[in-house]
Number of protein chains: 2
Amino acid sequence: MKYSRQRELIRQAVMEHPVHPTADAVYAMVREREPNISLGTVYRNLNQLAQQGELLKICLPGASDRFDARTDAHHHLLCDRCGRLYDIELGDLSGLEARIRGITDFTVTGYQVYITGICQNCAEKH
Amino acid sequence: MKYSRQRELIRQAVMEHPVHPTADAVYAMVREREPNISLGTVYRNLNQLAQQGELLKICLPGASDRFDARTDAHHHLLCDRCGRLYDIELGDLSGLEARIRGITDFTVTGYQVYITGICQNCAEKH
DNA sequence: ATACATGCAAACGGTTTGCAGAATA
DNA sequence: TATTCTGCAAACCGTTTGCATGTAT
């Protein structure tokens, strides 16, 4: 992977964004510094960085994909009202893991807990 | 909601399908008996039935939506290889629920456990 | 008669891709 | 120079929608 100014700006945008941005949000952020960048380039680089393990791509049911600079195992909270995605620490889930892995005739490779609700920010405003 | 032959065939297709079909799969099934049915009608009715609670619409990250005739609370296994979706009983998850609800500053309305892996069928063939 | 349904085709939103030209190594 | 990158625009896929017609009540 060769250096590119655009990719660095994209990486930086994801790291600085407090609540995991969509590709479109990254596009908007990067455009402030690099007005001629194309959306295609943003998508290409986000996918590339995710594939290299430098970023996490979070696919959500029914919504746009999000990107996360934190690559260690953790879970996410999705606000139903504003659509923002927050990190959450669920701590030790070995009980759940053991139960899942106890299921016969299916080789478990991973699992994800998606939690939905209303975030503090939205709760205050209503 | 008024009776329609098409809707009955759609409902039946979902009930009979062993591993929760996509809209497209339902379309293919129903077309055998109702060759002129349109894909739009299939989507409209699946969404309608899901909204009435007669069906479950399962949104998967990165894949097409699936439909499930079982409407009680249960979780799902997604095969990475063939893309089929299976039902799973995780039993009592009150520990996890309590932990999730213990999170401050977020009003939890729901959560979903998505488990990925290789199904028996695919494991045998390789 | 009046609602609600259908088939069709066009629109949609998010994402990917093919291409010619530009930047990096 | 060889490779990887970019911007652009068109293609793509799953899904939704507008419309004129048809069907159930």
Side-chain angles (χ1 to χ4, degrees), chain A residues 1-14 17 19-52 54-68 78 82-85 114, chain B residues 1-14 17 19-52 54-68 78 82-85 114:
Chain A
M1 197 158 52
K2 202 177 268 193
Y3 168 86
S4 102
R5 184 176 65 267
Q6 289 89 334
R7 179 155 49 238
E8 284 320 302
L9 291 169
I10 288 165
R11 190 203 311 275
Q12 206 178 321
V14 176
H17 199 284
V19 287
H20 326 315
T22 60
D24 220 67
V26 171
Y27 179 52
M29 289 176 81
V30 174
R31 250 206 315 189
E32 289 179 17
R33 292 214 203 161
E34 187 77 26
N36 290 327
I37 197 171
S38 79
L39 188 53
T41 296
V42 172
Y43 272 104
R44 257 186 307 236
N45 280 303
L46 287 172
N47 284 334
Q48 199 161 209
L49 291 168
Q51 210 166 321
Q52 304 290 320
E54 299 189 43
L55 243 64
L56 216 64
K57 181 178 184 171
I58 305 157
C59 302
L60 293 173
S64 311
D65 295 346
R66 309 305 185 86
F67 296 87
D68 190 348
L78 177 66
C82 66
R84 279 191 273 242
L85 188 71
Y114 292 110
Chain B
M1 198 159 50
K2 200 177 271 194
Y3 169 87
S4 100
R5 183 175 67 266
Q6 289 90 334
R7 179 155 48 238
E8 284 320 302
L9 291 169
I10 288 164
R11 189 203 311 274
Q12 205 179 321
V14 175
H17 199 284
V19 287
H20 325 315
T22 60
D24 220 66
V26 172
Y27 180 51
M29 289 176 79
V30 174
R31 250 206 314 187
E32 289 179 16
R33 292 216 203 160
E34 186 77 26
N36 289 328
I37 197 170
S38 79
L39 188 52
T41 296
V42 172
Y43 273 104
R44 257 187 305 237
N45 280 302
L46 287 172
N47 283 333
Q48 199 161 209
L49 291 168
Q51 210 166 320
Q52 306 290 320
E54 299 188 43
L55 245 64
L56 217 62
K57 180 177 185 172
I58 305 158
C59 302
L60 293 173
S64 311
D65 295 346
R66 310 305 185 88
F67 296 87
D68 190 348
L78 177 66
C82 65
R84 278 190 274 242
L85 189 71
Y114 291 110

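Numbered from 1 within each chain, the chains take letters A, B, ... in sequence-line order.
The distance between atom CD of E34(B) and atom P of dG22(D), rounded to the nearest whole Å, is 16 Å. Atom CZ of R5(B) is separated from atom P of dT25(D) by 13 Å (rounded to the nearest Å). Y43(B) has its OH atom 19 Å from the P atom of dA11(C), to the nearest Å. We find that CZ of R7(A) is positioned 15 Å from C1' of dG7(D), with the value rounded to whole Å. Distance, D24(A) CG to dC12(C) C1': 14 Å, rounded to whole Å. If you take CG of N47(A) and C1' of dT15(C), they are 8 Å apart, rounded to a whole angstrom. Atom CZ of R31(A) and atom P of dG7(D) are 11 Å apart (whole Å). Atom CD of E8(B) and atom C1' of dT6(C) are 15 Å apart (whole Å).
Residue I37(B) is classed as a sugar-phosphate contact, given heavy-atom separations below 4.0 Å to backbone atoms only. Contacts of R44(B) with the nucleic acid, taken as non-hydrogen atoms under 4.0 Å apart, include base atoms. Residue D65(A) is in sugar-phosphate contact alone, with no base atom involved, counting any heavy-atom pair closer than 4.0 Å across all strands shown. Within the nucleic acid shown, N45(B) comes within 4.0 Å of sugar-phosphate atoms alone, with no base atom in reach, counting heavy atoms only. Looking at heavy-atom distances under 4.0 Å, Y3(A) makes contact with sugar-phosphate atoms alone, never a base.
The base of dA3(C) sits with one of its N or O atoms less than 3.5 Å from a complementary donor or acceptor on the side chain of K2(B). No N or O donor and acceptor, one from the side chain of R66(B) and one from the base of dG14(D), sit under 3.5 Å apart.
Taking only side-chain atoms of Q6(A), from C-beta outward, the nucleotide of dT15(D), dT6(D), dG7(C) with the closest atom is dT6(D). Considering only side-chain atoms of S38(A), the nucleotide from dT15(C), dA5(C), dG7(D) that sits closest is dG7(D).
Looking at I58(B) and L85(B), their side chains come closer than 4.5 Å, going by heavy atoms from C-beta outward.
Summarising the geometry of D65(B) relative to C59(B), their closest heavy-atom pair is OD1-CA, 3.7 Å, with the distance given to 0.1 Å.
Atom CD of Q51(B) sits in a sparse spot, with 12 or fewer heavy atoms from other residues, nucleotides or ligands closer than 6.0 Å.
Under a 4.0 Å N-O distance rule, the pair R5(A)/E8(A) does not qualify as a salt bridge.
At least one donor-acceptor pair under 3.5 Å links the side chain of R7(A) to the backbone N or O of K2(A).
Map Q48(A) and G40(A) each onto its nearest nucleotide of DNA chain D; the residue landing nearer the 5' end is Q48(A).
For dT6(D), the OP1/OP2 oxygens have a side-chain nitrogen or oxygen of S4(A) closer than 4.0 Å.
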